[in-house]
Amino acid sequence: MISSSSYRLKYFCNSCLKRFVSTKRKKITKNIEKTKNIEKTKHYSGTVRLPKTEFPVWLSSELRVTADEHVMKAADFSNLYSWQRKNMGGDEFVLHDGPPYANGVPHMGHAINKILKDITLRNKLLQGHKIHYKPGWDCHGLPIELKATAGAAVLGELSDMDIRDRAKKYAEKAIKSQRVVFESWGVMADWSNDCYFTFDKDYMKNEINQFFKLYDSGFVYQDYKPVYWSPSSKTALAEAELEYKENHVSPAIYIGFELSHKPDKWQEIIGNDLVSALIWTTTPWTLPANQAVAFNPTFKYSLVRISGNAGIFLIANALIPFLSKKLKETITVVIDVPSSEIHELKYFHPLNKSAELRFLPATYVTSDKGTGLVHTAPAHGQDDFLLGLKNNLEVVSFVDEEGCFTEEVGPELSGLNVLTTGNDAVIALVENQIIKQERYVHSYPYDWRTHEPVILRASRQWFINTSSLKEKALDALKKVKILPEKGATGFYSLVQRRPYWCISRQRLWGVPIPAVYNTTTKKPIVCKSLIDHYQTLIDKHGSNFWWTLTIDELVPKEICEELDVKVEDLEKGKDILDIWLDSGLSWSHVLGEDTVADMYMEGVDQFTGWFQSSLMTSIALRGVAPYKMLLAHGFAVDEEGKKMSKSLGNVVSPQDIVRGGADVKKQPGYGLDVLRWWVAGHSLQHSSVPVSKTHLSDSQQCVRKLRLLLKFALGVVSDLPVSINRDIELFIIDQYMMHMLYKFNDVAQQLYNNYEYNKVCAHIVNFVTNDVSAFYCHLVKDRLYCDEEDSDRRRAAQITMDKVLQVISRVVAPILPVLAEEVYLHHPSKSGKETVFKSDNICDQSWINQDVEESVQMVMNLKKLVLKESPINAQSFELGCLVSASTPVYRLLSQFQKTEESSDSQLVEILQVSSVNLKEHLSSDEPFVVRMKAVSGKTCLRCRRNRIAADGDELCTRCLHVLNT
């Protein structure tokens, strides 16, 4: 039995050897006894009332999906929205849905947005509100049009109606697939009967009517202005339709614009030297459209010589060190020139020496780079345009819809693409005026769908005059709560800086701009009679009326007479409305003229998009913001913080998270609960939300902990009679749990109301893990498992656990509605009869008991001392505790133990010892003194807690009584 290889017996003396052998025999004997006890314990295991429930801790992804679908059906998820509209009597909470694009499969951005909205709405419902939420889809626009026509043999062979029909079918297909997925995520809405679509004829009628109101009020006008133009899409774009490429390379040049004359006072110093204004530009292709040079009237300028270059150059004095380093040349100041003298200067156009142009003051000219002088082409820049407008400059553009130079610019450039060969050709034409050329790497706007660069190009478009709305919009925003708060400053700045909004697009798939044009004057005709007529035509012919009807059908004879025009002198416009106006007017269709939404909730990118378009239209049409609160959430990135894209191969599908990918080993299915927990835990903290295995695994572990506790609680209450008297006296520890439960719910509601969902998640896990599982459940297991089935002690714990179960289910329900309803389906008193979202809040202020909290905290301090005084490796139920307490503490502890010595008191239960001897001391300054002692006898084989005499029965008195009852 003792291996000689392990112990060198020859080195033991006889007495040592005897002691060694004796010790080993005792251990072996003890192990044998322990084994016998285990066998005997097994005999009593069937008498212990262990929790019983079919509620699973975890399921495989396939089974989990099936189980979730069963819960949703059983709990009638599909009808909850309609039910609450009929039955809830509280104040209405309106969350207006920003319409997702009817394009592609649902992605992580959809999951974040829809689930966060659902968490918010479900929480408001549980608080007693009636919910107003109508999901919508943004159905028009270029991406859908491009996808719909992709694969067509020859695009030119498709008629306008072919393209529109294809686009509508594509959008309808996308909506159908997205709706199924959104509903599978448990998002509460009337998905079958109460959604809105921007391609519906009723939506179109409203939009055309609102357009006229804007036009009639003077907010909408037509003009020739520079806009972001996509040569690849052949249409104007809004800022929200741009993506910026950080490493775009432009050919930048430093070029001299020759002055046409020099002031007389310069002659004595510089003589006959050629003087040029030095310009830096990253868009050489715009030089043909140059109309002026801008300077900053607050700067000091200088005439300088640049080594290696003939002539003299005019530059901003503050930029001399920068330019010397950039040009790698020595720069010498010849004479300083006050900005007041620059007003008088003129220069020759760089490509046309017969044109003499002006220098104009402009405060937007900066001194951080460049030369302090800016080439100005009103057709190709917004600052340039405004400066030109102020100084009556001509808006000259030589660029067509495809981004190529027109014939007007001359044969050397005609037909060349401005961003490629056109740039090179312009540089070649002004080569003798260039002193440096470089490749400039910078951020540059690209078309968000074709991923090709855009240009600023003047064209005749329809605009909303946002300048006239800015101050009203900013005043209205002061009354709007914006979260995160740092988003407010940026949003104010965006509204403040926006000079105008281009609302026309040169495409087919959208709502037509309801304007007909006089073929002679080219002026648009928009009037109330025509708008009313269009409304009738939409009802009769549908949303394609503009493309299917002739001009005489669009403008009938009686309206021609009213307008004093001939129908043959009219033509219908070909532009459609910007999709940001489509969606920006959604409040007027969904909410009506009088309702202001309690909340708009979208991604942070919508500060430049829907938040802004909704604000401007609502201010223009009714003078108020369309929302009381803006909540912006982050957007999904991969675990390295990179934007997800198919080209990078880093796209994570929310459906793969729920169901698992094609290779389940590489992409395991986590289930819907984990997806929703991940959204709640991460999406409102940062602008970028990483989707990583670590975060998903952490979310999975949190849900597992929660399910473990809920399974235990369901098992505990499995035999709790529905009709039991729930007013029986609770133990102090039960009262304490009820007190903590109320506080838990109260804090959770505060966090929900502050939209701190990540903190809600942390709060739930902390409470479940520490206060419930590790503390309360651990302490009451003996009562639950080993007491008589119907004893007040056991029922008190069960009643308390039932409250724990219901409150936790209700608190987690907004985040995990399927789990909450799954709990109710397994609850013995609620199964099939009640759902969480149709139940009342059971939390009652009567649960609050600060005295109990203070008393339990005192006992917990005592327990720390008990643990400290206990021998290492000693089993707690093999120890007795002698407690001597000061008078006030003794009185407090006496609540937990009525007799001087007890083995079944509440104090014994909390301290987890075999017995407690409680005495009052009068002399010591300490609140209590603890001494631990070993208790004789052996442990009850049934409860493994109480001690019995060494020569007595195998069971304690309590267990004997239970088994004999």
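Remember, predicted model here, so these are calculated numbers, not experimental data. Sequential numbering from 1 along the given sequence is applied to the chain's residues.
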Side-chain donor-acceptor pair under 3.5 Å between H589 and N206, yes or no?
-> no

Mark yes or no for whether T283, through its side chain, and W285, through its backbone, hold a donor-acceptor pair below 3.5 Å.
-> no

Do K114 and D97 come within less than 4.5 Å of each other through their side chains, counting heavy atoms only?
-> yes

Would you call the rings of H442 and H248 parallel, tilted or perpendicular if under 30° counts as parallel and over 60° as perpendicular?
-> perpendicular

Whether H96 and Y196 hold their rings parallel, tilted or perpendicular, with breakpoints at 30° and 60° = parallel

Looking at side-chain heavy atoms only, is the closest gap between V526 and V220 below 4.5 Å?
-> no

Do side-chain atoms of D598 reach the backbone of L95 as a donor and acceptor pair under 3.5 angstrom?
-> no

Which atom of S583 lies closest to which atom of W580, heavy atoms considered = OG-O, 3.6 Å

Going from OG1 on T595 to CH2 on W587, what distance comes out if it is rounded to the nearest 0.5 angstrom?
-> 10.5 Å

Verify whether the ring centers belonging to F199 and W137 lie closer than 6.0 Å.
-> no

What is the distance from atom NZ of K528 to atom NZ of K213, rounded to the nearest 0.5 Å?
-> 9.0 Å

Can you tell me if CD on E485 sees more than 12 non-hydrogen neighbours from other groups inside 6.0 Å?
-> no

Heavy-atom closest pair (L554 atom, K572 atom, distance to 0.1 Å) is CD1-CD, 3.5 Å

Measure the shortest side-chain to side-chain distance between Y224 and S397 over non-hydrogen atoms and say whether it is less than 4.5 angstrom.
-> yes

Does N113 reach the side chain of H633, with side-chain heavy atoms less than 4.5 Å apart?
-> yes

For W280 and A252, indicate whether the former's side chain and the latter's backbone hold a donor-acceptor pair under 3.5 Å.
-> no

Keeping the roles fixed (side chain from T149, backbone from L146), state whether a donor-acceptor pair exists under 3.5 Å.
-> yes

When rounded to the nearest 0.5 angstrom, what distance separates CE in M204 from CG in L577?
-> 9.0 Å

Does NZ or CZ of K117 lie under 6.0 Å from the centre of the six-membered ring of Y133, at an angle within 45° of the ring axis?
-> no

Is there side-chain contact between D165 and N544, with at least one heavy-atom pair below 4.5 Å?
-> yes

Under a 4.0 Å N-O cut-off, is there an ion pair linking D162 with R166?
-> no

Any ion pair linking E452 and K245 (charged N to carboxylate O, less than 4.0 Å)?
-> no

Are the side chain of E243 and the backbone N or O of Y446 linked by a donor-acceptor pair below 3.5 Å?
-> no

So Y600 and F611, would you call those rings parallel, tilted or perpendicular, with 30° and 60° as cut-offs?
-> tilted

Do F219 and M616 have side chains that get closer than 4.5 Å, going by heavy atoms?
-> no

Presence of salt bridge, E145 and R505, under 4.0 angstrom | no

When rounded to the nearest 0.5 angstrom, what distance separates CD1 in I144 from CZ in R507?
-> 12.5 Å

Considering non-hydrogen atoms only, spot the tightest contact between V652 and M644 and give its length.
-> N-SD, 3.5 Å

Within the side chain of N650, is there an N or O that forms a donor-acceptor pair under 3.5 Å with the backbone of K643?
-> yes

Lys NZ or Arg CZ of K147 over Y170 ring: under 6.0 Å, within 45° | no

Determine the minimum heavy-atom distance between G141 and Y101, stating which atoms define it.
-> CA-OH, 3.2 Å

Taking every non-hydrogen atom, the tightest pair across S233 and D447 | OG-OD2, 2.7 Å

Is the side chain of S618 donor-acceptor paired with the backbone N or O of S614 at a distance under 3.5 Å, no angle test?
-> no

Check: T608 side chain, D605 main-chain N or O, donor-acceptor pair, under 3.5 Å | yes

Value for CG (L469) from CG (L621), rounded to nearest 0.5 Å, stands at 9.5 Å

Salt bridge or not for K472 and D475, using N-O below 4.0 Å?
-> no

Got a donor-acceptor contact below 3.5 angstrom from the K225 side chain to the F385 backbone?
-> no

State, with a plain yes or no, whether a side-chain heavy atom of T617 is found less than 4.5 Å away from one of Q210.
-> no

Interatomic distance, CD@E408 vs CG@D400, rounded to 0.5 Å, equals 10.0 Å

Polar side chain donor-acceptor pair, S250 to T282, under 3.5 angstrom | no

May I ask you to say whether R622 pairs ionically with D594, meaning some side-chain N is under 4.0 Å from a carboxylate O?
-> no

Please lay out, stage by stage, how E207 and D582 fare under the test side-chain contact (heavy atoms from CB on, under 4.5 Å).
-> CA-CA 7 Å; E207 187 170 348; D582 275 15; 2.4 Å; yes

Are D578 and W501 linked by a side-chain donor-acceptor pair shorter than 3.5 Å?
-> yes

If every non-hydrogen atom of V187 is compared with every non-hydrogen atom of F182, which pair is closest and at what distance?
-> CG2-O, 3.3 Å

Would you confirm whether H110, through its side chain, and H107, through its main-chain N or O, come within 3.5 Å as a donor-acceptor pair?
-> yes

Given the options K574, Q461, K234, Q506 meets side chain to side chain donor-acceptor pair (under 3.5 Å) only with Q461

Can you list every ring pair (Phe, Tyr, Trp, His ring centres under 6.0 Å) pair that touches residues 472-492, not counting sequence neighbours?
-> F491-F607

Considering residues at least two apart in sequence or located in another chain, which fulfil the side chain to side chain donor-acceptor pair (under 3.5 Å) criterion with T548?
-> none

Could you tell me whether the side chain of P231 reaches within less than 4.5 Å of the side chain of E402, counting heavy atoms only?
-> no

